[in-house]
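Following: one structure in structure tokens, then a few remarks.
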Number of protein chains: 2
Amino acid sequence: MYDADMSLPHALLGLLIVRPRSGYELTKEFESHIGRHAWAAGHTSIYPELNRMAENGLVEVTHEGARGSRTYAATEAGRAELRRWMFDRDRSRKVRNEEVLRMFLISALDPDDAVAYLRGIAEESAEKAAELAKLLAATGPIVQGDPEKFGLLAAEYGRRQYEAVHGWAEWAITQITGQAAEESRSSRATAS
Amino acid sequence: MYDADMSLPHALLGLLIVRPRSGYELTKEFESHIGRHAWAAGHTSIYPELNRMAENGLVEVTHEGARGSRTYAATEAGRAELRRWMFDRDRSRKVRNEEVLRMFLISALDPDDAVAYLRGIAEESAEKAAELAKLLAATGPIVQGDPEKFGLLAAEYGRRQYEAVHGWAEWAITQITGQAAEESRSSRATAS
DNA sequence: AGGGGCATGTAACATGTTACATGATTGT
DNA sequence: ACAATCATGTAACATGTTACATGCCCCT
């Protein structure tokens, strides 16, 4: 079977389950939401992966169009594989989250830099949350299984995440600056 | 200079800025918090990377101990590089977040599976949030620059994130089940 | 003296990225 | 007819992972 921690084939399966697409269309999909927020991939990894998946029976070519384009659809085996992967609770998975890494590394900056960095985060997360709120307001309620609504659960997830990050950044700033203010007060007191 | 999107050397720099360590100690560090929540790395990538970083003057060996152990410290150039990387706002960075990918792919599951999956998420996020809350309660307030407190900002970040995920999962469940209840009501109404 | 953990490394393999490459179709 | 975009691919390189490999030191 497929390795538990291979994400690209599963991302492709998910998209193909919702709606059959060509490699080219999948590539474009990865240039927008899914690629910018969840998993990046270029056509040079997508095309070989589709061929491999076709060999393994997870997808099949349902239509050949102009310019040699091939439309792929998920097979029954493909659906089963995505389901297996989603419910696979083997958390030996390797984390690789640059955002969170930066959060850890804030502790390695000196206080002024840390606060400057956090202000940037606060600003950025507020923007992103607002952006997603706008996107969600522009579309109707979420309907499971509606291809048009694909990714809206993820969008709401993102919106809440960004709001949480915003709150956290502001909290973190008060932690550091509050403490700095404290220190300068006590050092003045000691000095006098 | 170093590529903007290489995270391992920067993770190592961050740890070495806080406190000089050997490759072995760094490896162990990656087995606990930072490796489980932010960035995974094994000794087979850490040792070669340290050698490369030493060649490039980002770190230096400050002590050679028993069993051929070498203690590394960040150089001034290393500190500057970490700072540069932290503030590098070039967001051409490739996202690769399996968690978020799964959120996207929920839309590809049928409603029963989606709800089951979300229940799992709700449970897991509540557990993780509680775990971090406990960890945070057990340690004192955060003091910037205190090596003992390294990662506490990240811990609070994680706690808030998990709480947000929990709230989202419960909201998402009501979205789907509420909608399913609606549907069965209306189909009964249509049938009668 | 021997087991367990400390401490580092190399080699083969899998995966992913960048650069290079080609040709078909559509719209103007 | 020509430019833009559609549509797919290969090859060289960089990176990361797994398996294999070695030896030292400390404790009992």
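Of the candidates C:dG9, C:dG5, C:dT17, C:dT17 carries the atom nearest the B:Arg96 side chain, counting heavy atoms from C-beta on. Here D:dG9 is the nucleotide among C:dA7, D:dT5, D:dG9 with the atom lying nearest to any side-chain atom of A:Arg70. Checking D:dT15, C:dT17, C:dA7 against the side-chain heavy atoms of B:Met6 singles out D:dT15 as nearest.
Using a 4.0 Å cut-off between a side-chain N of Lys or Arg and a carboxylate O of Asp or Glu, A:Arg119 and A:Glu123 do not qualify as a salt bridge. Salt-bridge annotation for A:Glu81 and A:Arg84: present, with a side-chain N of the basic residue lying under 4.0 Å from a carboxylate O of the acidic one.
Comparing A:Ser69 and A:Pro48, the nucleotide of DNA chain D nearest to each residue sits closer to the 5' end for A:Ser69. Annotation: of the two residues near DNA chain C, B:Glu25 and A:Ala41, the 5′-most nearest-nucleotide partner is B:Glu25. Each of A:Ala40 and B:Gly23 was matched to the nucleotide of DNA chain C holding its nearest heavy atom; the match closer to the 5' end belongs to B:Gly23.
Qualifying ring-ring contact (aromatic ring centres under 6.0 Å, His included) partners for A:Tyr47, counting only residues two or more places apart in sequence or in other chains: A:His43.
One can place OH of B:Tyr72 at 13 Å from P of C:dA7, the figure rounded to the nearest angstrom. When the P atom of C:dG9 is taken as reference, atom CD of B:Glu49 falls 13 Å away, rounded to whole Å. The separation between B:Leu50 atom CG and D:dG16 atom P is 13 Å, rounded to whole Å. The CD atom of A:Glu64 sits 13 Å away from the P atom of D:dA7 (whole-angstrom rounding). C:dG16 atom C1' lies 16 Å from atom CD of B:Glu98, rounded to whole Å. Remark: P of D:dT15 and CZ of B:Arg52 are 7 Å apart, rounded to the nearest angstrom. Rounded to an integer number of Å, the gap from B:His43 NE2 to D:dT18 P is 12 Å. In this structure, the CH2 atom of A:Trp39 is 13 Å from the P atom of C:dT15, given to the nearest Å.
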Can B:Asn51 and B:Tyr72 be said to form a side-chain contact (heavy atoms from CB on, under 4.5 Å), step by step? CA-CA 10 Å; B:Asn51 288 328; B:Tyr72 291 88; 3.5 Å; yes

Do A:Glu98 and B:Ser7 pass the side chain to side chain donor-acceptor pair (under 3.5 Å) test, and can you show the C-alpha distance, the side-chain angles, and the key distance before you say yes or no? CA-CA 7 Å; A:Glu98 203 173 297; B:Ser7 300; 3.1 Å; yes

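Using a 4.0 Å heavy-atom distance criterion, A:Gly42 is classed as making no nucleic acid contact. Residue contacts for A:Thr44: at a heavy-atom cut-off of 4.0 Å it reaches a base atom on one of the strands shown.
Residues B:Gly14 and A:Ala108 come closest through the heavy atom pair O-CB, 3.6 Å. Contact detail for B:Leu13 and B:Ala74: the closest heavy-atom pair is CD2-CB, 4.2 Å.
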Given protein heavy atoms under 4.0 Å, the one-letter contact record of nucleotides 23-28 of chain C, with B base, S sugar-phosphate only and - none, is simply -BBS--

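Remark: B:Tyr47 is in phosphate contact with C:dT8, judged by side-chain N or O atoms under 4.0 Å from OP1 or OP2. A close approach under 4.0 Å does occur between a side-chain nitrogen or oxygen of B:Asn51 and OP1 or OP2 of C:dG9.
In this structure, A:Leu12 CG and A:Met6 CE are separated by 10.0 Å, a value rounded to the nearest 0.5 Å. To the nearest 0.5 Å, atoms CD (B:Glu31) and CZ (B:Arg36) are separated by 10.5 Å.
Heavy-atom distances under 4.0 Å link DNA chain C to no residue of residues 29-38 of chain B.
Ring planes of A:Tyr117 and B:Phe87: perpendicular class, angle over 60° (limits at 30 and 60°).
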